[in-house]
Amino acid sequence: MRFQSQSLNRREFLRTSAATLVAGTWPALAGPAFPLPEKNVRYTSGSPSKPQRIILDTDPGVDDAIAIFLALRSPELQVEAITPVSGNVPLHFTLPNALRLIEIAGRPEIPVAAGAALPLVRRLVTAAYVHGNNGLGGVEFPEPKIKPAAESATDIIRRIVRANPGEITIVAIGPLTNIATVLKADPAIAPMIKSFVLMGGSLSGGNITPAAEFNFYVDPEAARIVFDSGVPITMVGLDVTNKVLLRESQVRKLEAAQNPVSQAAGKIMRATMSRIKPTKDETVVAMHDPLTIASLIDPSVVALKDHYVQIETSGEMTAGMSVGYYRGPVRRSPPMETGIPEEPIPTEEYKPNCKVAVGVDPDQFFRLLLPRLTANA
Ligand code: BDR
Ligand code: CA
């Protein structure tokens with residue numbers, strides 16, 4: 001299979017300038033902090049023999065909607081609960097959107113538990129300019145008939161993980177407020193979580209600021225708690241998600257298929273394509289969240305590389321930036337001048353806390369996505 005390299009040529013840059021509008025306004029201009037030699041990249045392969053049990057934390061969101069559909073139409077995944085959070089739009093949209101989406105997918109038995117309305121300590125920043133005022137591209141779907149679970153997102157995550165220690169992967173494709181709230185409320189739960197698989201971050205520039213990817217930007221303190229948790233993490237960030245770009249021909253395939261999921265996905269993507277500002281180049285939509293789901297279904301769609309990732313929370317311009325080291329030493333910013341000479345610059349032993357997706361095969365991703373959404377269930 002072919003993995004796209006980290007560097008963007010001019011044509012790719014023009015394409016991703018439009019594509020990144022799905023979450024923000026900053027194309028990924030900068031290269032990775034360090035070169036990523038091909039020989040160090042570890043390609044994963046294989047598919048699960050039994051369904052992976054996941055909790056899906058999400059802020060639907062146009063690409064979240066496609067991700068939810070993909071997860072619900074994939075027998076390799078067993079979705080135990082969906083936990084909406086504020087992000088692309090406020091919770092009072094993301095919660096009913098999640099209910100609508102599982103209803104459209106014919107999976108009303110999956111519990112949907114309301115999460116956080118606000119980031120841990122910051123004001124909520126949304127991306128309605130991309131996702132539409134209602135988060136589904138402005139497409140009006142009927143009010144959901146099903147109701148949210150009686151439990152909160154925090155309670156349902158704690159209950160399910162505690163009842164199944166080591167079994168549950170938490171897949172988070174929105175800001176990490178719900179996950180951080182769980183870890184704060186119940187620190188002993190961390191070793192019981194199998195892993196976090198996150199759509200978020202970037203080692204090659206952001207999409208909402210030059211430094212930060214949207215999900216980590218919205219709640220940097222939450223992202224920091226997650227990366228400090230000791231739970232195994234896979235980070236599927238803009239380095240790869242900006243390379244999986246849905247095109248007009250693929251939207252037409254969604255529209256042509258005659259099943260409720262494909263029809264809904266087609267409407268949402270059609271509306272998103274018309275919202276994205278036309279450029280001289282093609283209009284495309286980055287499939288950030290669906291790629292994250294695809295990486296669980298078929299790990300060989302991405303190439304992973306060990307990193308130590310930390311989240312910047314104190315910068316005036318860089319909050320939410322993910323800083324990744326693929327080797328040590330890990331250096332912090334220099335200490336302030338105190339007048340006392342010979343204060344050493346703090347360094348830490350290098351210990352990876354995360355596998356970062358550094359390569360992707362976009363064709364393989366679309367070969368997985370489209371048949372699953374267009375098939376008659
Ligand atoms: C992420 O931000 C959101 O707008 C998308 O849904 C995705 O989760 C991309 O930066
Ligand atoms: Ca999202």
Side-chain angles (χ1 to χ4, degrees), residues 16-28 55-71 82-91 93-95 97-98 101 115-116 119 124-137 170-179 196-220 222-223 226 234-246 265 268-269 271-272 275-276 284-295 311 319-322 357 360:
T16 54
S17 300
T20 48
L21 282 172
V22 78
T25 53
W26 289 92
I55 294 174
L56 185 52
D57 192 77
T58 174
D59 59 335
V62 295
D63 60 325
D64 301 73
I66 307 298
I68 291 170
F69 286 154
L70 176 59
I82 295 181
T83 50
V85 65
S86 281
N88 289 321
V89 287
L91 183 70
F93 289 113
T94 62
L95 175 60
N97 284 349
L101 294 165
L124 177 64
V125 175
T126 63
Y129 54 95
V130 172
H131 295 265
N133 282 339
N134 69 357
L136 295 178
I170 298 180
V171 184
I173 56 175
L176 292 166
T177 319
N178 290 342
I179 315 306
F196 292 131
V197 176
L198 313 176
M199 190 286 127
S202 168
L203 302 185
S204 53
N207 58 357
I208 179 83
T209 68
E213 179 281 328
F214 179 79
N215 288 338
F216 290 6
Y217 171 88
V218 170
D219 200 339
V226 169
T234 301
M235 177 178 124
V236 182
L238 300 178
D239 312 296
V240 287
T241 64
N242 270 337
K243 293 175 178 163
V244 287
L245 305 175
L246 188 84
I268 293 167
M269 284 300 115
T272 307
R275 176 167 284 98
I276 288 176
V284 289
V285 183
M287 294 283 95
H288 305 288
D289 296 342
L291 178 63
T292 308
I293 300 296
S295 75
I311 309 300
M321 180 180 186
S322 41
V360 63

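In listed order, ligands and their atoms are each counted from 1.
Counting atoms of ligand 1 from 1 in the listed order, those under 4.0 Å from a heavy atom of D289 are 5 (C), 6 (O), 7 (C), 8 (O). Listed by number with element, the atoms of ligand 1 under 4.0 angstrom from any heavy atom of D64 are 6 (O). If you number the atoms of ligand 1 from 1 as listed, the ones under 4.0 Å from a heavy atom of F214 come out as 2 (O), 3 (C), 4 (O), 10 (O). Of all atoms in ligand 1, listed by their number and element, those nearer than 4.0 Å to a heavy atom of D63 are 5 (C), 6 (O), 7 (C).
Going from atom CG of N97 over to atom CG of L136 covers 3.5 Å, rounded to the nearest 0.5 Å. A distance of 11.5 Å separates CG in N88 from CG in N134, rounded to the nearest 0.5 Å. Here NE2 of H288 is found 10.5 Å from CZ of F214. Values are rounded to the nearest 0.5 Å.
Nearest N/O/S atom of D289 with respect to the Ca ion (ligand 2) is recorded as OD2. Of all N/O/S atoms in D59, OD1 sits nearest the Ca ion (ligand 2).
With a cut-off of 3.0 Å, the Ca ion (ligand 2) has no N, O or S atom of G87 in range. At a cut-off of 3.0 Å, D63 does not coordinate the Ca ion (ligand 2) through any N, O or S atom.
Residue-level proximity to ligand 1 for T241 is absent, since no heavy atom of it falls below 4.0 angstrom. Contacts between I173 and ligand 1 below 4.0 angstrom, taking non-hydrogen atoms only, involve the backbone exclusively. Using a 4.0 Å cut-off between heavy atoms, V62 makes no contact with ligand 1 at all.
Within 6.0 Å of CZ on F69 lie more than 12 heavy atoms contributed by other residues, nucleotides or ligands.
Formation of a donor-acceptor pair under 3.5 Å by the T58 side chain with backbone atoms of I173 is not found in this model. Side chain of D63 to main chain of P290: no donor-acceptor pair is present (N/O by atom type, distance under 3.5 Å, no hydrogens or angles).
Remark: of the listed residues D57, V236, L176, L176 is the sole one forming a side-chain contact (heavy atoms from CB on, under 4.5 Å) with L198. With M199 as the partner, the side-chain contact (heavy atoms from CB on, under 4.5 Å) test is satisfied by one option alone out of V171, L238, D64, I293: L238.
Taking distance alone, with nitrogen or oxygen atoms compared against 3.5 Å, N88 approaches ligand 1 more closely than that limit. In terms of polar-atom proximity, H288 is not counted as a contact of ligand 1, lacking any N or O under 3.5 Å from an N or O of the ligand.
Between L70 and A294, the shortest heavy-atom contact is CD2-N, 4.0 Å.
For the residues H131, M287, E213, the heavy atom positioned nearest atom 9 (C) of ligand 1 is part of E213.
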